[in-house]
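Let me begin by presenting the structure, written as structure tokens, before commenting on it.
Computation of the quantities below employed the complete heavy-atom set of this structure, encompassing side-chain atoms and omitting hydrogens, waters and symmetry-equivalent molecules.
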Amino acid sequence: MSFAGTELVIALPKGRMMAEAYETFARAGLELPRARGERDLWHRSGGLAVLELRGADVPTYVDLGIADLGVVGRDVLLEAGRDLYEPVDLGFGACRLSLIRRPGDETPIRRIASKYPRFTQSWLRSRGMVADVVKLHGSVELAALVGLADAVVDVVQTGNTLRAAGLIEVETLARSSARLVVNKSSLKLKRGVIRPLIDKLRNLVG
Ligand code: PRP
């Protein structure tokens, strides 16, 4: 399968941000092809192709040039450490990466569980702290509850998950929202299509 002849290939994250990503492109005048069913991994029409990916995979597809551009949360970009052009803060999908602990726990942090191990390590280094970082893939709050780790670094959006688990947000480490990311070669090669799109998206959110 190849996207040869396709004007633009766009990577979108499945989940919470997908609907708003489609809506944002539509408001910018780009009606993206829609999935025909749940197992429809990619769709193409009118010179546009959309890849529906796990959020964490969007930076990889864009950096390696399979997709020309994509939408992804800043939290994911902070973890991915990829060299992407990030021209527009799209505004939706606001959340924060926070340090989370059991209430009243002020013991030194020796082990942190997170879906964001690289980000967590670099935050620890910036504080001159040393702790083990354990990579988990989901339900991270449980790690703090059952003592797998004595702190957790995770996404807080509404705060409902934290409240339900009876955990405390000790500190906000980074703020996040959806970002437009662009492959640097695509920006040069497809300048005539991508630049006007960036301008329209900037006007929308500006
Ligand atoms: C994320 C995150 C928190 C929750 C925070 O998990 O890991 O658990 O959302 O959102 P809230 O503040 O609105 O409750 P996600 O729903 O992506 O599922 P996961 O735990 O399986 O990764």
Side-chain angles (χ1 to χ4, degrees), residues 10-30 32 34-35 50-63 67 69-101 112-124 126-127 135-144 151-182 194 197-206:
I10 299 170
L12 297 184
K14 286 193 268 193
R16 297 185 197 205
M17 293 200 297
M18 179 74 93
E20 276 182 281
Y22 272 103
E23 198 182 300
T24 302
F25 281 108
R27 283 168 55 217
L30 213 57
L32 300 182
R34 298 271 182 166
V50 170
L51 312 179
E52 297 194 0
L53 306 172
R54 287 285 297 264
D57 293 334
V58 168
T60 313
Y61 275 77
V62 175
D63 189 20
L69 50 92
V71 172
V72 66
R74 178 171 183 252
D75 58 324
V76 174
L77 290 172
L78 288 169
E79 179 64 17
R82 298 254 176 193
D83 184 26
L84 304 174
Y85 179 46
E86 193 194 311
V88 191
D89 179 349
L90 298 169
F92 60 86
C95 61
R96 50 201 188 264
L97 279 172
S98 295
L99 183 72
I100 295 160
R101 301 196 76 180
I112 303 185
S114 185
K115 287 187 276 191
Y116 302 83
R118 281 169 53 110
F119 170 80
T120 303
Q121 278 293 6
S122 88
W123 174 74
L124 283 166
S126 75
R127 289 289 172 95
K135 160 102 194 205
L136 292 179
H137 295 85
S139 306
V140 182
E141 291 81 3
L142 188 63
V152 153
V153 169
D154 199 17
V155 166
V156 180
Q157 191 168 42
T158 61
N160 289 340
T161 309
L162 272 187
R163 274 190 290 280
L167 294 168
I168 301 290
E169 190 179 3
V170 178
E171 187 179 337
T172 299
L173 311 184
R175 299 210 168 263
S176 177
S177 54
R179 303 298 160 99
L180 179 75
V181 288
V182 181
I194 294 178
L197 178 61
I198 290 173
D199 290 342
K200 279 188 195 150
L201 289 168
R202 276 193 180 136
N203 285 339
L204 275 182
V205 297

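The shortest non-hydrogen separation linking E141 to A165 is CB-CB, 4.5 Å. Heavy-atom minimum distance, V72 versus G55: CG2-O, 3.6 Å. Taking every heavy atom of both residues into account, R179 and L90 meet most closely at C-CD1, 4.0 Å. The two residues G70 and V62 come nearest to each other via the heavy atoms N-CG2, 3.9 Å. Smallest separation of non-hydrogen atoms from K14 and R54: CE-N, 4.2 Å. Nearest heavy-atom pair across P13 and M18 is O-CB, 3.4 Å.
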Go through the steps to decide whether V50 and F25 satisfy the test side-chain contact (heavy atoms from CB on, under 4.5 Å), and finish with yes or no. CA-CA 12 Å; V50 170; F25 281 108; over 6 Å; no
Audit row: L162, I100, side-chain contact (heavy atoms from CB on, under 4.5 Å) steps and yes/no: CA-CA 8 Å; L162 272 187; I100 295 160; 3.4 Å; yes
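Contact of the L197 side chain with the L180 side chain is not registered, since no non-hydrogen atoms from C-beta on lie closer than 4.5 Å. At a threshold of 4.5 Å between non-hydrogen side-chain atoms, the residues L97 and W123 do not count as touching. Between I10 and L30, some side-chain heavy-atom pair lies under the 4.5 Å cut-off. The shortest distance between side-chain heavy atoms of Y85 and I198 falls below 4.5 Å. Counting only heavy atoms from C-beta outward, the side chains of I194 and V182 approach each other to under 4.5 Å. Taking the side chain as every heavy atom from C-beta outward, L124 and I112 approach each other to under 4.5 Å. Looking at L84 and P59, their side chains come closer than 4.5 Å, going by heavy atoms from C-beta outward. Contact of the V205 side chain with the D89 side chain is not registered, since no non-hydrogen atoms from C-beta on lie closer than 4.5 Å.
From S114, atom OG reaches atom CG of D154 across 6.0 Å, with rounding to the nearest 0.5 Å. Rounding to the nearest 0.5 Å places CD of Q121 at 13.0 Å from NZ of K135. Between E79 atom CD and S122 atom OG the span is 8.5 Å, to the nearest 0.5 Å.
A donor-acceptor pair under 3.5 Å is absent between the side-chain atoms of Q157 and the main chain of C95, judged by distance alone. Judged by distance alone, the side chain of R163 and the main-chain N or O of T158 form a donor-acceptor pair under 3.5 Å. With hydrogens and angles disregarded, no donor-acceptor distance shorter than 3.5 Å links the side chain of E52 to the backbone of L12.
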Only pairs under 3.5 Å count here: list side-chain donor-acceptor contacts from residues 168-176, not counting sequence neighbours, and write none if there are none.
from, atom 1, to, atom 2, distance (Å)
E169, OE1, R96, NH2, 3.0
E169, OE2, R96, NE, 2.6
E169, OE2, S98, OG, 2.6
E171, OE1, R127, NH1, 3.4
E171, OE2, R127, NH1, 3.4
E171, OE2, R127, NH2, 2.3
S176, OG, R74, N, 3.1
S176, OG, D75, N, 3.0
S176, OG, D75, OD1, 3.3

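Within 6.0 Å of OH in Y61 there are 12 or fewer heavy atoms belonging to other residues, nucleotides or ligands.
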